[in-house]
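Encoded as structure tokens, the structure appears first; notes follow it.
Please read these numbers as outputs of a predicted model, since none were measured by experiment. Counting convention: from 1, in listed order, for ligands and their atoms alike.
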Amino acid sequence: MKPSFKENLIQHNLLIGTIITLPVPEIAEIFSATGFDWLFVDLEHSAMSIKDAQILLQAAAPQTPCAIRVPSNDDVWIKKALDIGAAGIIVPNVCTTQEAERAVRCCKYPPEGMRSVGIARAQGYGDKLQEYLSSANDDIAVIIQIEHINAVGNIQDLVKIRGIDGVFIGPYDLSASMGKMGQTTDTEVQNALSRVKQCAQQANIPLGIFGPTAEAVQPYIKDGYSLLAVGIDTLLLGNAGKTIMASLK
Ligand code: 3PY
Ligand code: MG
């Protein structure tokens, strides 16, 4: 059987994905057919509803696992995202160990957590309930975003929180929190990234990052990052249009 998203993640296998923000199932189908290893369904920075996200997951299935970035570290959003069948949850802007522990608790059924039991797409609409209940805590990837300088200050402790399967750097918010909005290659920002990498690697926690283009993420892949979100649906469309116009006019 094909390894799951979480199995690939914790093995530090290279996972190349892209961000979807548009509630268009054809986009998930196209990206799935393109061969992306995973899709980052963004509920933080999009106008999508949970129903829209479910349609994307249905379109990407069974080929391509989707991790959902929830709008906040919130049990209501997280349980909805899990119930529609997310293979992983990405929690934005986790800065403290309390916040990281909360993210884990929201993603896990008792006794490890406080996720409540529903019957929805993830549970095969009831048909796979027992099977799902017994495996979900182990099978779902819990990924926290490190995207504030305060999180970098706490990174040594954050990577040790039980149940965290990956840390995903948000370079844009991180640089903004350092007074260097958008300057993701700035030396101080890169030093903060190095600190995150050092602690994640010591704790054997997989590292992820977003970059707008393949060129932007290439150095991170060389540096040992394994979970990459490259580009955003909207950016990819816009860039394709610009390339045509630049070459023909
Ligand atoms: C950021 O760069 O802040 C992100 O959240 C990218 O996903
Ligand atoms: Mg961010």
Side-chain angles (χ1 to χ4, degrees), residues 5 9 14-22 27-28 31 36-48 53 56 65-74 77-78 81 86-96 99-100 103 141-155 158 164-197 200 205-221 223 225-239:
F5 175 69
L9 177 71
L14 185 61
L15 290 166
I16 305 289
T18 190
I19 298 184
I20 305 191
T21 62
L22 299 174
I27 292 182
F31 284 155
F36 279 115
D37 301 307
W38 71 295
L39 295 174
F40 177 132
V41 173
D42 192 4
L43 295 184
E44 186 194 15
H45 291 295
S46 76
M48 274 195 280
L56 295 179
C66 296
I68 296 183
R69 174 162 69 181
V70 288
S72 64
N73 193 353
D74 171 66
W77 274 107
I78 291 175
I89 294 291
I90 301 171
V91 180
N93 198 24
V94 171
C95 286
T96 65
E99 289 166 3
V142 183
I143 300 163
I144 55 169
Q145 269 201 273
I146 302 301
E147 49 182 352
H148 194 284
I149 192 64
N150 293 347
V152 178
N154 292 330
I155 191 66
L158 288 169
I164 297 293
D165 302 307
V167 297
F168 188 94
I169 295 174
Y172 286 87
D173 279 320
L174 176 59
S175 58
S177 78
M178 299 174 72
K180 293 173 180 278
M181 178 91 77
Q183 298 171 46
T184 58
T185 55
D186 172 89
T187 309
E188 273 180 54
V189 176
Q190 287 293 315
N191 287 345
L193 262 59
S194 300
R195 171 79 184 141
V196 176
K197 184 184 111 175
I205 293 288
L207 256 183
I209 196 162
F210 164 76
T213 60
E215 295 69 43
V217 301
Q218 209 93 56
Y220 296 116
I221 295 175
D223 212 20
Y225 287 69
S226 54
L227 183 68
L228 285 305
V230 190
I232 306 177
D233 50 6
T234 46
L235 269 183
L236 298 179
L237 272 172
N239 289 342

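- Applying the 4.0 Å criterion to heavy atoms of Gly170 picks out, from ligand 1, the atoms 1 (C), 2 (O), 3 (O), 4 (C), 5 (O).
- The atom name of the N/O/S atom in Glu147 closest to the Mg ion (ligand 2) is OE1.
- Counting heavy atoms under 4.0 Å from ligand 1, residue Tyr172 touches it through both backbone and side chain.
- Considering backbone and side-chain N/O atoms, Pro171 comes within less than 3.5 Å of an N/O atom of ligand 1.
- Among residue pairs with one or both ends in residues 142-151, none qualify as salt bridge (Lys or Arg N to Asp or Glu O under 4.0 Å); sequence neighbours excluded.
- A donor and an acceptor atom, one from each side chain of Asp42 and Thr21, are nowhere located under 3.5 Å apart.
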Query raised in the report: Going through the checks in order, is the ring pair (Phe, Tyr, Trp, His ring centres under 6.0 Å) test met by Phe40 and Phe210?
Result: CA-CA 10 Å; Phe40 177 132; Phe210 164 76; 7.8 Å; no
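- The N, O or S atom of Asp173 lying closest to the Mg ion (ligand 2) is OD2.
- Across all their heavy atoms, Ala151 and Leu158 have their closest contact at O-CD1, 3.5 Å.
- Near Glu147, with a cut-off below 4.0 Å to any heavy atom, the atoms of ligand 1 are 1 (C), 3 (O), 4 (C), 5 (O).
- For the pair Arg195 and Val152, the tightest heavy-atom approach, listed with the atom from each and the gap, is CG-CG1, 4.0 Å.
- Scanning all protein heavy atoms for the shortest distance to atom 7 (O) of ligand 1 gives Arg69 NH1, 3.2 Å.
- Close approach of ligand 1 to Asp173 is summarised as follows: ligand atoms under 4.0 Å from at least one heavy atom of the residue are 1 (C), 2 (O), 3 (O).
- Counting heavy atoms from C-beta on, the side chains of Val230 and Phe36 never come closer than 4.5 Å.
- Protein heavy atom in closest approach to atom 6 (C) of ligand 1: Phe210 CB, 3.6 Å.
- Atom CD1 of Ile68 sits about 11.5 Å away from atom CD1 of Ile143, to the nearest 0.5 Å.
- Taking a 4.0 Å cut-off on heavy atoms, Glu44 fails to register as neighbouring ligand 1.
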